[in-house]
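What follows is a set of notes on a single structure, which appears directly below.
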There are 2 protein chains.
Amino acid sequence: MDMGRLGLREMKKQMTRKTIADAALQLTEEKGLDDVTIDDIAREAFVSPRTFSNYFASKEEAVLGAFNLGVDQVLDDFSSRRPEGPPLQTLCELMYDYARENPTQLRQAAQVTALELKNPSLRKFRVEREVEMIGQLSYRLGECTGTDANTDLYPSLVAAAAISAVSASLAIWSLRGLPDEDLPGLIQDAFNMVSDGYPTQRRTRPTRPLRNPSDPPQDLGIAADRP
Amino acid sequence: MDMGRLGLREMKKQMTRKTIADAALQLTEEKGLDDVTIDDIAREAFVSPRTFSNYFASKEEAVLGAFNLGVDQVLDDFSSRRPEGPPLQTLCELMYDYARENPTQLRQAAQVTALELKNPSLRKFRVEREVEMIGQLSYRLGECTGTDANTDLYPSLVAAAAISAVSASLAIWSLRGLPDEDLPGLIQDAFNMVSDGYPTQRRTRPTRPLRNPSDPPQDLGIAADRP
DNA sequence: CATCTGTTTGCATGGTCTGCAAGTTTGCAT
DNA sequence: ATGCAAACTTGCAGACCATGCAAACAGATG
């Protein structure tokens, strides 16, 4: 039997996980993470403190668990693609599409930035996740470009550049107050800047318009093949 | 009075700090950080556990404290410079010079990578430091290029690119076994790759020779002004 | 020397993490 | 349905960690 794709057991587990994560997030927003104990979170989520530890290794992981960044999914998409064209361009397209199609998750991701301002202990954990992503992406880039991520600079640098592009876009978007529909444009700008070699002092397109005909974002990647 | 630039009190403090950090490092290499307690480190350093906590907030900080990366110094140098030329080129020059002049400290920095393989809990703390550096650098870049790091992508992206270049160089250098005199070349390669927009599949120059006349590293930054 | 300040230390407290064993729920096959 | 096995929850215990406080101590200063 298939039990609707997922056994009752697994369903409950996912639900418990989400309940705990949400409780952690809510309490953190209320009182600040430093004034929240694992016992508080467990009580709020109707589980024992011991069970909390079965799901998350720390308060911080729980809070971050409330955000399903979904970027992993993009990385999976990238991994399953046939290598064609400059990796940065592919990644930009994937991220751009993802940002347009999943505004909610991206909005959540950007909220982490705000949380971090009031709860600095979260930072370690978020950036560790980012570095983890860079590692995976770097490995995959090595595979599909025929370079060795352990020997060659190329995969690590490209991976780091791509993740920074997204990360920086989210940060700025957050500081701008999360204006609707702005993020995909920011992401494209970031990738363009990266693959153009960081042209000096070119300013980021202001909040609006999203599309500026005189500065077409489609020029992406052309710089990536120049010797 | 000046007491030879530094009072006895301050001298002792620095010495205690270093003693603790060294003890932390040694024990970590012996037994692995997970099997080392703060009490162990304190005993090894002839201080009370309470004093350990006066100096470091955690075991991990203590271990990292044994490495004086000195990159902060480079950032200070950068901050005190008159803005001229593309920032990435300036940063490359500074880092290149620093790498040539301070092989010991760079070697130490690269050793952190090795430590991380056996002690994953260190990672969080190291990358947090890196992100901290990106933040500072980004702020300074905003200042000296007339852009706002809170609004504009440019400063954050350049800062992230520069730090990744160094970080990736160190990682690969470490994996290659820290061959003498290789690092400055790697750093230049990394910065070149960054400021050329990550040309696809260009392979990193092999371990030797350090200087390859047919691939002059002096072409740095020329891509940074192309519109 | 006398005093003032900053450091070390022990102690106490509250919080976190992990293993273990007992009890409960779910999955699955009969 | 019934029963068994695997997985999950929970309480408890033990080790570790972080921090405030106050007393003792040592360097600085005049």
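Per chain, numbering begins at 1; letters A, B, ... match sequence-line order.
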Might you work through the side chain to side chain contact (heavy atoms under 4.5 Å, CB included) test for A/Arg126 and A/Thr113, ending with a clear yes or no?
CA-CA 9 Å; A/Arg126 179 186 57 85; A/Thr113 305; 5.7 Å; no
Note, [X] side chain near [Y] side chain (heavy atom, < 4.5 Å):
X        : Y        : value
A/Phe67  : A/Leu25  : yes
B/Leu91  : B/Phe191 : yes
B/Leu141 : B/Phe78  : yes

Extract all donor-acceptor atom pairs below 3.5 Å that involve side chains of residues 164-172 of chain B and protein atoms in other chains or at least two apart in sequence.
{"from": "B/Ser164", "atom 1": "OG", "to": "B/Ala160", "atom 2": "O", "distance (Å)": "2.3"}
{"from": "B/Ser167", "atom 1": "OG", "to": "B/Glu130", "atom 2": "OE2", "distance (Å)": "3.0"}
{"from": "B/Ser169", "atom 1": "OG", "to": "B/Ala165", "atom 2": "O", "distance (Å)": "2.7"}

Rounded to the nearest angstrom, tell me the gap between atom [atom1] in [X] and atom [atom2] in [N].
X       : N      : atom1 : atom2 : result
B/Met11 : D/dA28 : CE    : P     : 11 Å
A/Glu10 : C/dT26 : CD    : C1'   : 12 Å
B/Asp35 : D/dA15 : CG    : P     : 15 Å

Is any N or O donor-acceptor pair between the side chain of A/Arg9 and the base of C/dT25 shorter than 3.5 Å?
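Flag set: donor-acceptor pair detected.
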Within residues 38-60 of chain A, find the residues that approach DNA chain D with a heavy atom at under 4.0 Å, and present them sorted by residue number.
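Contacts with DNA chain D under 4.0 Å: A/Val47, A/Ser48, A/Arg50, A/Thr51, A/Asn54, A/Tyr55.
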Can a side-chain donor-acceptor contact be found between A/Tyr55 and A/Glu61 if the only test is distance below 3.5 angstrom?
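No, because no side-chain N or O of A/Glu61 sits under 3.5 Å from a partner of the opposite role on A/Tyr55.
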As an exercise, state the distance from CG of B/Leu88 to CD of B/Glu93, rounded to the nearest 0.5 Å.
11.0 Å
Passes side-chain hydrogen bond (donor to acceptor under 3.5 Å, both in side chains), A/Ser48 versus A/Thr51? Steps please.
CA-CA 5 Å; A/Ser48 77; A/Thr51 296; 3.1 Å; yes
Stretch residues 17-27 of chain A: residues that reach within less than 4.0 Å of DNA chain C through a heavy atom
none
I need the minimum non-hydrogen distance between B/Tyr198 and A/Tyr198, along with the two atoms involved.
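Nearest pair, atom of B/Tyr198 first, then A/Tyr198: OH-OH, 2.9 Å.
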Which pairs count as salt bridge (Lys or Arg N to Asp or Glu O under 4.0 Å) when at least one residue sits in residues 22-36 of chain B, sequence neighbours excluded?
B/Lys18-B/Asp22, B/Lys31-B/Asp40
Taking only residues at least two apart or on different chains, which pairs with a member in residues 63-74 of chain B satisfy salt bridge (Lys or Arg N to Asp or Glu O under 4.0 Å)?
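The answer is none; no pair qualifies.
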When Watson-Crick pairs (N1 to N3 and N6-O4 or O6-N4) and G-U wobble pairs (N1-O2 and O6-N3) count only below 3.5 Å on both distances, what is the dot-bracket string of DNA chain C, with | for other-strand pairs?
||||||||||||||||||||||||||||||
Starting at the 5' end of DNA chain D, which residue's closest nucleotide do you reach first, B/Lys12 or B/Thr37?
B/Thr37
